[in-house]
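Notes for the one structure printed next.
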Protein chains: 2
Amino acid sequence: MKNRLKVLRAERSWSQQDLADKLNVSRQSVNAIETGKYDPSLPLAFKIAEVFDMAIEAIFERD
Amino acid sequence: MKNRLKVLRAERSWSQQDLADKLNVSRQSVNAIETGKYDPSLPLAFKIAEVFDMAIEAIFERD
DNA sequence: CTCGTATGTAAAACACCCTTTACACAATGA
DNA sequence: TCATTGTGTAAAGGGTGTTTTACATACGAG
């Protein structure tokens with residue numbers, strides 16, 4: 001899976017910590033997802049979509 | 001998370017095994033997801049959405 | 001130069017996802 | 001009756017997701 005997290009976050013001028021706080025996860029989790037270390041769980045993906053006010057499919061993409 | 005898997009599958013008259021085959025997972029995984037034992041991973045959620053030709057948000061719902 | 005902020009990474013620990021194998025039960029049909 | 005199919009469940013094991021703590025690097029502000 002690929003994701004546009006880094007770009008979307010930059011567009012909003014949020015730090016990884018800012019986003020982590022909004023998602024209630026650790027900064028390391030945000031970093032790991034952005035750098036492709038692993039994919040978020042489905043509940044976390046939903047929360048990410050909520051925070052960015054976008055559909056999951058608009059943020060994540062199958063590769 | 002709640003999901004409409006059982007209903008969607010029934011609408012298509014697929015057995016859990018049929019769906020598992022389409023998803024390339026075990027029948028137990030399908031059963032566990034349907035019975036709410038756990039949520040699928042994000043990649044599997046994408047595949048489920050693909051198999052049913054629906055958006056993830058139309059199948060899964062935050063609770 | 002120094003301080004604070006942002007980012008990447010690592011290890012250990014724990015919970016969750018998914019597998020295989022296996023058993024149980026209900027319903028259906030030969 | 002007997003075999004088959006569909007579903008639910010369980011245990012054990014491997015792999016993944018997330019946490020905490022910690023260290024390193026880069027960069028801009030002062």
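Protein chains get the first letters and strands the later ones, always in sequence-line order, with residue 1 at the start of each.
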Using heavy atoms and a sub-4.0 Å distance, could you list which residues of residues 34-63 of chain B are near DNA chain C? By number, please.
B:Y38, B:D39, B:P40, B:S41, B:L44
Mind calculating the distance between CH2 (B:W14) and P (D:dT7) to the nearest angstrom?
13 Å
Answer yes if B:M1 and B:V7 sit in the same cluster of Ile, Leu, Val, Met, Phe, Trp and Tyr residues linked by side chain heavy atoms under 4.5 Å apart, and no otherwise.
no
Please state how far atom CG in A:N24 lies from atom C1' in D:dT19, giving the value in whole angstrom units.
13 Å
Considering the options B:K6, B:Q16, B:R4, which one meets the side chain to side chain donor-acceptor pair (under 3.5 Å) requirement together with B:E34?
B:Q16
Does CG belonging to A:D53 count more than 12 external heavy atoms closer than 6.0 Å?
no
Contact class for A:S26 (heavy atom, under 4.0 Å): base, sugar-phosphate, or nothing?
base
Which pair of non-hydrogen atoms, one from B:A45 and one from A:L42, has the smallest distance, and what is that distance?
CB-CD1, 3.8 Å
May I have the distance from A:L19 (atom CG) to C:dG8 (atom P), rounded to whole angstrom?
13 Å
OP1, OP2 of C:dA6 versus side-chain N and O of A:K6: anything below 4.0 Å?
no
What's the spacing between A:I59 CD1 and A:F52 CZ if we round to 0.5 Å?
6.5 Å
Answer yes or no: does a side-chain N or O of B:N31 lie under 4.0 Å from OP1 or OP2 of D:dT7?
no
How many angstroms lie between CG in A:L44 and NZ in A:K47, if you round to the nearest 0.5 Å?
8.5 Å
For A:S15, report the nucleic acid contact type (base, sugar-phosphate, nothing); a contact means any heavy atom under 4.0 Å.
sugar-phosphate
Gap between atoms CG and C1', on B:D21 and C:dC18 respectively (whole Å):
15 Å
Report the distance from atom CG of B:D39 to atom OG of A:S41, rounding to the nearest 0.5 Å.
7.5 Å
Between C:dT19 (C1') and B:Q17 (CD): distance, integer Å:
13 Å
Between P of C:dC17 and CG of B:L23, the distance in whole Å:
16 Å
Which letters describe nucleotides 23-30 of chain C, given B = protein heavy atom under 4.0 Å from base, S = only from sugar-phosphate, - = neither?
--------
So, taking the atom named CD in B:E57 and the one named CZ in B:R62, what distance separates them when rounded to the nearest 0.5 Å?
11.0 Å
Using a 4.0 Å heavy-atom cut-off, does A:D18 contact any base of the nucleic acid, only the sugar-phosphate backbone, or nothing at all?
nothing
Round to a whole Å and report the spacing from CG of B:L5 to P of D:dT7.
12 Å
Kindly give the heavy-atom pair with the smallest separation between A:I33 and A:P40, and that separation in Å.
CD1-CB, 3.7 Å
When the distance from CZ of B:R12 to C1' of D:dG6 is rounded to whole Å, what number comes out?
19 Å
